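Notes to accompany the following structure.
In this text, all values refer to a predicted model and were calculated from it rather than measured experimentally. First the proteins, then the strands, lettered A, B, ... as listed; each starts at 1.
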Protein chains: 2
Amino acid sequence: MRSHSAAPRRVPRQQRGERRVAALLDAAAAVIADVGYEAATMNEIACRAGACIGSLYQFFPNKESLTQALRAQYGKEFHTAWESLENQAASLTIEQLVAQLIHTAVDFVTEHPAFLALLDAPRATRNPSIRKVLRELLARIFLLQKPSLSKARALRAAAVTLQLIKGMNELYAESDAATRESLVQEFKIVLRCYLTFHLTPRFGSPESAPTHKPGVAGRF
Amino acid sequence: MRSHSAAPRRVPRQQRGERRVAALLDAAAAVIADVGYEAATMNEIACRAGACIGSLYQFFPNKESLTQALRAQYGKEFHTAWESLENQAASLTIEQLVAQLIHTAVDFVTEHPAFLALLDAPRATRNPSIRKVLRELLARIFLLQKPSLSKARALRAAAVTLQLIKGMNELYAESDAATRESLVQEFKIVLRCYLTFHLTPRFGSPESAPTHKPGVAGRF
DNA sequence: GTAAAATGTGAGAATGCGCTCACATTCCGC
DNA sequence: GCGGAATGTGAGCGCATTCTCACATTTTAC
């Protein structure tokens, strides 16, 4: 690896440039889904996109930048998928909300096999801002369910929820279809219990911090 | 990569052989923790272990086999850490059990930085049997808490719990110490709610399938 | 139509890494 | 001691991969 900048080398300024970039990203997803992240080579990606290697390097100075671009695209698509939930959020039961969140996520991963393979890619290729935007979206959804929630709590719950959803993919991936379905159902329980805790008005302390009282049972 | 077998090339038969293997694994962990999995080279690992590259390849025919060995070691260490919980399990509250499970895991990852970096390693280097053993251990712990639980449910809950715990590490890793602590506390809520659902005797259907009844909502 | 900019091309340079091999050294049983 | 087995050594091979570059082609602007 000789170059280190992850920024695109050149932004496409013509229509065919944009088409190329789109084709390259598609090809990258296909190759990565096929052979895994590590084994996916730049030459093969360019080839599958009907381009040659030089063309690829015009827009993406290195593999890392290509990976980041792919991640960004997935992030936006996923954001769009959840965005529609934001409108209905207030009228959904927790039960329904959980089902929607999980099914959208599961469907997304199913339809984008490369997304899973990207988990193997080095951390350096991740874009924190994508996570941030997704967290904020989910936090807003939570706030629609329970407006009295503090923003800090909503954000924290969103971060954890997002991470749990993401983490489960690994488990789904190594299961056959039947087990996967039961795991999804099981995970619904997890999220339902957790979000019920946060989003349901409770008598005792409606806005108490989630830090449990240490007197009861800390680490004994 | 020319060789593909992941089995150790040669089992150490002398004490110095075992010392070498131990030193090599330690060095591998150190290098991987330092520079990440991908950037960790076999030469550097051998060098850091005070050995030369040929010596490394006597015991580990390729990088994959070294990675698997490291994973196996971590798996065993972690299993040992949780094993002690098995004895106390029956006498612990869910609150305490959750705290123990999580803190053991967090401590382990803190003390073994390479463990996190191994998440970047390709899937091929993972050993399903390690996961299986850990799942069974956790399932036994659950059964000690609630003997009436079916083994299938215990195993499924264990698989999910394990995955959630593992997945959270990624979130911890990208947070400063203060946020990390609050995330740990937050995750305790998740597990407490979830395990309360499974391990607490409920009136309606004590051994009903985990398919929720819409209306009761698990606890709280 | 023409010039300039954007994009396309692909052979191969440059690099770095996994891994081998022929041989030296150390250990162990007898 | 002796012989064989286990272990140690490290220069460098082979190879895949990333990335460059000099030039061709297409598009756009006027």
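- Note on A/R16: every side-chain N or O is 4.0 Å or more away from OP1 and OP2 of C/dT7.
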Next on the checklist: Applying ring-ring contact (aromatic ring centres under 6.0 Å, His included) to B/H112 and B/Y74, what does each step give before you reach the verdict?
Outcome noted: CA-CA 8 Å; B/H112 300 83; B/Y74 281 162; 5.3 Å; yes
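- The distance from the CZ atom of B/R126 to the CZ atom of B/R123 is 4.5 Å, given to the nearest 0.5 Å.
- With D/dA6, C/dG18, C/dT20 as the candidates, the nucleotide lying closest to the side chain of B/M42 is C/dG18.
- A salt bridge is absent between A/D26 and A/R19: the closest approach of a Lys/Arg side-chain nitrogen to an acidic carboxylate oxygen does not fall below 4.0 angstrom.
- Taking every side-chain heavy atom of B/Y57 into account, C/dT20 is the closest of C/dT20, C/dT7, D/dC19.
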Checklist entry - Stepwise, does the salt bridge (Lys or Arg N to Asp or Glu O under 4.0 Å) test hold for B/R140 with B/E136? => result CA-CA 6 Å; B/R140 285 201 302 279; B/E136 285 164 353; 5.4 Å; no
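- When heavy atoms are screened at a 4.0 angstrom cut-off, B/G17 is found touching the sugar-phosphate backbone but no base atom.
- Among the heavy atoms of the strands lying under 4.0 Å from B/T41 are primed sugar atoms or P, OP1, OP2 only; no base atom is included.
- Computed from coordinates, the B/L66 CG to C/dC17 C1' distance equals 15 Å when rounded to whole Å.
- Rounded to an integer number of Å, the gap from B/L24 CG to D/dT7 P is 12 Å.
- The distance between atom CZ of A/R13 and atom P of C/dG8, rounded to the nearest whole Å, is 14 Å.
- The OG1 atom of B/T125 sits 10.0 Å away from atom NZ of B/K63, with the distance rounded to the nearest 0.5 Å.
- A straight line from CD of A/E44 to P of C/dG10 spans 15 Å, rounded to a whole angstrom.
- Between A/F115 and the choices A/Y37, A/Y172, A/F108, the ring pair (Phe, Tyr, Trp, His ring centres under 6.0 Å) rule is met once, by A/F108.
- For the pair A/Q15 CD and C/dA5 C1', the computed distance is 16 Å after rounding to whole Å.
- For the pair B/N43 and B/R10, nearest-nucleotide mapping onto DNA chain D gives the more 5' position to B/R10.
- The 5' end of DNA chain C is approached more closely, in terms of each residue's nearest nucleotide, by A/I53 than by the other of A/I53 and B/I53.
- Distances shown here put every side-chain N or O of A/R20 at or beyond 4.0 Å from the OP1 or OP2 atom of D/dT26.
- Within the 4.0 angstrom heavy-atom criterion, no nucleotide atom of any strand lies near B/A46.
- Picking from D/dT18, D/dT28, D/dT7 the nucleotide with the shortest atom distance to the side chain of B/Q14 gives D/dT7.
- Using a 4.0 Å cut-off between charged nitrogen and carboxylate oxygen, A/R71 and A/E64 do not count as a salt-bridge pair.
- Salt-bridge annotation for A/R131 and B/E174: present, with a side-chain N of the basic residue lying under 4.0 Å from a carboxylate O of the acidic one.
- Residue contacts for A/A40: at a heavy-atom cut-off of 4.0 Å it reaches the sugar-phosphate backbone alone, with no base atom in range.
- Nearest to the side-chain atoms of B/C52 among the listed nucleotides D/dT9, C/dT7, D/dT7 stands D/dT9.
- Distances from the side chain of B/A51 to the nucleotides C/dT20, C/dA6, D/dT9 place D/dT9 closest.
- Rounded to a whole Å, the CD atom of B/Q58 is 8 Å from the C1' atom of D/dA6.
- Note: CD (B/E38) to C1' (C/dC17) measures 12 Å, nearest angstrom.
- Over its length, the helix from C/dG1-D/dC30 to C/dC30-D/dG1 turns its helix axis by 30°, as judged from the five terminal pairs at each end, rounded to 10°.
- Regarding B/L56, its CG atom lies at a distance of 10 Å from the P atom of C/dG18, rounded to whole Å.
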